[in-house]
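Some notes on the structure that comes next.
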Amino acid sequence: MNKSPVRPNPDQLLKQLDLENQKSLRGKLKIFFGSSAGVGKTCAMLNAAHTLHKEHVHVLVGVIETHGRSETALRAQGLPSLPLKEILYRGKKLKEFDIDEALRSHPTVILVDELAHSNVEGSRHKKRWQDVEELLSSGIDVYTTVNVQHIESLNDIVAQITGVKVQETIPDSVFDLADEVVLIDLPPEELLQRLDEGRIYIPEQAQKASKHFFRKGNLIALRELALRRTADRVDAQMQEYRQDQAIQHVWQANERILVGIGPSKAFESLIRTAARLAQNMKADWLVVYVETPALQNISMASRKQITELLRLAQSLGATTANLSGDSVTHKLVEYAQSHNVSRIVIGKPTRSILSRFFHPSVSDELAKVVSDIDVHIVMRGREKAVKGSKARPGLDMRAHFSDEKKKGYVWALIISAITSLVASVLLPYFELANIIMLYLLGVMLISIRYGRGPGIASSFLSVSIFDFFFVPPRFSFTVADTQYLLTFAIMLSVALVISNLTSSLRKQAIVANYRERRSLALYEVGKELASALTTGHIVEVSTHHVAKIFNSKVAILTPDANEQLEVAQTNESSNAALQETTLLDVDLGIAQWTYDRQQQSGLGTDTLPSSKILYIPLKAPMRTRGVLAISPENNHDIYLPEHRQLLDTFASQIGLALERKHYVEIARDAVISMETERLRNSLLSAISHDLRTPLTSIIATTEQLKETISARTHAFKMLTGLHDQAIRMQNLVLNLLDMARLQSGTVKLNSEWHLLEEIVGSAINGLQTTLQQHRVVVTPMEDIPLLYVDAILIERVLSNLLDNACKYSDAGTTITISAKQQGGQVSVTFSDEGQGLPPGMETSIFQKFTRGKTESTIPGVGLGLSICKAIIEAHGGKIWADKNEKNGTTFTFTLPVKTPPTVSEMEI
Amino acid sequence: MSESPKGNIVVVEDEEQIRRLVTIILEGEQFNVFAAENGKRGLVEIGTRKPEIAIVDLGLPDMSGVELIKEVRTWSSIPIIVLSARSNEHDKVSALDAGADDYITKPFGSEELLARIRAHLRRHHSVQQSNSQSSITFGNITVDFVKRQVYRDGQPVSLTPIEYRLMTVLLRSAGCVLTQRHLLKEVWGPSYIEHTHYLRIYMGHLRNKLEEDPAQPKHFLTEIAVGYRLVL
């Protein structure tokens, strides 16, 4: 039955690789799994620990629940164990597993009994399995125990079997992602025997237990469940193995299941069923709640129900979403199609066929609309009467308008009375048929103002009053003419239709109004954030709006340069209104955790749920930009799904605004530095141009004049002096410009590969007139490799050093330039036979405006050497001066040698 | 013959001081100087005065000196000397690539300017007179074009084909500054114009073989960051 050659889905392989990577970094989780208490899980775990301990593995007992069994306690002896932390809860001291200490001592393996245990309020996590999660992610291996009834998806089945519902559960994903599961199996007979012997519970407890839970039938069923669940896991492992080894005769397209839920406790079993279905099919599953305009008015209790249902689905491994649309059916189908869903699971309708004829249920509609998606209709559990929930909970408006309604019924009475009064006045002049119209008008007015209930009441009232007062025989309910019965029927149905129509119009108007308020709030925040330019302003705008909408205190935290969060300051800290809404007692530790993990924490989340503050990371496309801390007056304000959605939207808006501000700042800095650079360059070139042009004239003119007059005249000497001074000034200008350029902080080296010899030659050539009085000796430089330098700058160094050597040594002496390669450096030395440096000046000579002798006849301001130093250091070299043994000074600079490019021996 | 002018020179320079200065220097040497203060006027002068040489400033108010040089090169081969500021090596290179023969850096002395002008006039005349010399001698070096052999102090020097070609390219435009780009293209081919290190190494070879003191060359001069010039 081989189909066309199948190829592993690359996405799936990547995902698997990712998962395996994650697994290898994480610690390993080993679960000792049993069908009920007393099968010996804890003992098996302790035995395993003892074996490890003997092998000198660092084992630590984190927490062991002995349930008062001496046998277990005895077995735990001899193992190092962690002291329990005492937590004060409602005046009682309770002992709890100490996760911080466990993380600090970082053992190789830690024993944490009873994975499903719920932590005492005030602990870091709500559940112990979350503690274990954290231990695993920090690389510690964990041994733990689980009973079958604690697995989330089996929870309700166990409850059906035993009649005892367990509150403490672990998500299936924790069980499925465990690295090892050891099934501790014990036949029911033996278990019962152990119970009788008092090895499971202390005697009086055992009596009670054997009556309720430890019945043989229960134990057999539980044992079967545990075996089956383990078998499922083994099967899943087998399949994973096949995927790994690319053994894949059966490789179906990935199934995806969509579950639609409503605001009712009954959907809980639907979710559990879907979870089992998804697991059996190895399918992804999505749970969505579609909020229609009608559903927006449901009661608080129902809203909380939805949040809980979605959370349950998440803990069972589903992806959840809150959608909003006009029609549940259409939204479901649209979502299913856009997410490649192959199956839709919905609950069986609970209403009668007749009522479904008028208002088709979602399942009826789906069956009509969908053609390519399987629709599973699942029995819902019996609906326990959740307060305020009805077959169509959307119609329940009592909670919102009860006061209004009472008034509505009174008004229905009053209006009917007024209508009757008017009608009795008009009766002599009008037909009875027209009187009916008056009553209909009254019904319509009541419906518009007070909705459906008073409208219907007013309809019946109108018909009765009409019958009593106006239909002959008057002042009696009896009717003489039977045709009036038809009149009544039509009058009643018209009145009912009118009241129904007007009231639903009214309800839609209210819903629209509510939606408008929501989008208006978003719009306003968006608009103001868009115009905010500073962090302070963004914080001010967001704090103000979020505080107002959610009726809470708010703080926004932003990271500093070291990624440490701090409370962002607003521009006007004096603003009293803002002060009032600003949250002051933010826990920076939790906020930092939220920021680092990019996960919500605090109030109503999985991490530190007992905190009074909810921390939401401000995620932006590039990274998280901060944390929003919100402390609501009333917790309901942020528990409701649509409020939560709105809050998330706000958070991402603020994140975006912060990110935008970040990039605006970067752009502005770049513009400023570009502008500074441009300004400096234009200033420099202006100065250099304006100084050089007159200097050129002076120098060239004096040269020209000297040609024309005799060398012996007084004027000639003056001209020579003028010429020399002009040259001096020209050098000064050059040096100043160089210095300014080098000082700008961004020396851009225009490096290329050069021969040192060429640069030396060029420098000597440029100083020919200055060097006329001296002899320059250059030692051969054939062995010096190509250097990667900015030749113009290095030429400046050489020129300055040569010029210096000339200035400070007598005419006729020799200047020697030599170079040699030492290790990764080339060092170049300039040796003169001059006066030498005054002692102690060897380093200070390189500072700006420092000269060997302060008052000297030799021209110069002491910039030359500091320029040399700046240039050489920009190249990654060093420069220094030494006194010669005999006389004179030696200047040495080094340049790093890099690997020159190869030259192919191409000879044509 | 001191009264008869040596020839016409066109000076294109917007800066009045420099323009006047150059005019005075050149008129002192008996040249007929035609000064223009902008590029358009300069083109007209060069076109109508039949100058021996043109001196062009790179920063002109109406057009860039480089554009002017390109324009002139479409119809004339007269020597062109560029006036430029010191730090603008890039401008110098683009002017030379556009067809200028030499550059002189501001501030400059009158001696320097006149020496350059004389050298270019001499070269220009000699090229026109004898295009087909069989050999050339400069300093203690003789190049025999027929035998493709180079002698130093009468002793044959063995050059590799690339070295020989590099030298002939330099010789053909002796006295002019040749850009690195130009030399690489002529000697190694267009695909080598980025490989400046080839040029450095082979120029080093030439100097080692032909110069007395390679670090203080007399003929094979380096114009740092611009190019090379062979001085006869």
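The analysis underlying the following values was restricted to heavy atoms, covering all of them including side chains, and did not include hydrogens, waters or symmetry mates. Each chain gets a letter, A, B and so on, in the order the sequences are listed, and its residues count up from 1.
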Neighbour count >12 (heavy atoms, 6.0 Å) for atom CD, A:Q825: yes

Greatest number of heavy atom pairs closer than 4.5 Å to chain A - which of B:G28, B:A215, B:G204, B:G59: B:A215

B:R200 side chain vs A:W753 backbone, donor-acceptor pair below 3.5 Å: yes

Greater than 12 external heavy atoms within 6.0 Å of B:R229's CZ: yes

Over 12 non-hydrogen atoms of neighbours within 6.0 angstrom of CZ in B:R118: yes

Top contributor to chain B contacts, counting heavy-atom pairs under 4.5 Å, from A:I699, A:L756, A:L695, A:L786: A:L786

Check: A:E758 side chain, B:M203 main-chain N or O, donor-acceptor pair, under 3.5 Å: no

Whether over 12 other heavy atoms sit under 6.0 Å from A:Q821 CD: yes

Interchain contact, B:P217 with chain A, by part (heavy-atom threshold 4.5 Å): side chain

Step-by-step side chain to side chain contact (heavy atoms under 4.5 Å, CB included) determination, A:L755 to B:R207: CA-CA 12 Å; A:L755 280 178; B:R207 271 196 303 263; 4.1 Å; yes

Selection from A:N765, A:I764, A:I794, A:V760 maximising heavy-atom pairs under 4.5 Å formed with chain B: A:I764

Part of B:I25 lying under 4.5 Å from any heavy atom of chain A: both

Over 12 non-hydrogen atoms of neighbours within 6.0 angstrom of CZ in B:R41: no

Which atoms of B:I224 approach chain A - backbone, side chain, both or neither, heavy atom under 4.5 Å: both

Engaged part of B:Q180 at the chain A interface, taking heavy atoms whose separation is under 4.5 Å: side chain

Proximal component of B:F220, with respect to chain A [non-hydrogen, under 4.5 Å]: neither

For chain B, the option from A:T779, A:T701, A:V776 that forms the most heavy-atom pairs under 4.5 Å: A:V776

Which atom of A:E757 lies closest to which atom of B:P214, heavy atoms considered: OE2-CB, 3.5 Å

A:Q773 atom CD: more than 12 heavy-atom contacts under 6.0 Å: no

B:E111 portion near chain A, given a 4.5 angstrom heavy-atom threshold: both

Exceeds 12 heavy-atom contacts within 6.0 angstrom, atom CE of B:M63: yes

Closest-packed option against chain A by number of heavy-atom pairs under 4.5 Å, given B:N208, B:I24, B:L114: B:N208

Segment of A:H754 engaging chain B (4.5 angstrom heavy-atom cut-off): both

B:K218, NZ: over 12 other non-hydrogen atoms inside 6.0 angstrom: no

Sidechain-backbone polar pair: B:Q17 side chain, A:S697 backbone, donor-acceptor under 3.5 Å: no

Which atoms of A:E752 approach chain B - backbone, side chain, both or neither, heavy atom under 4.5 Å: side chain

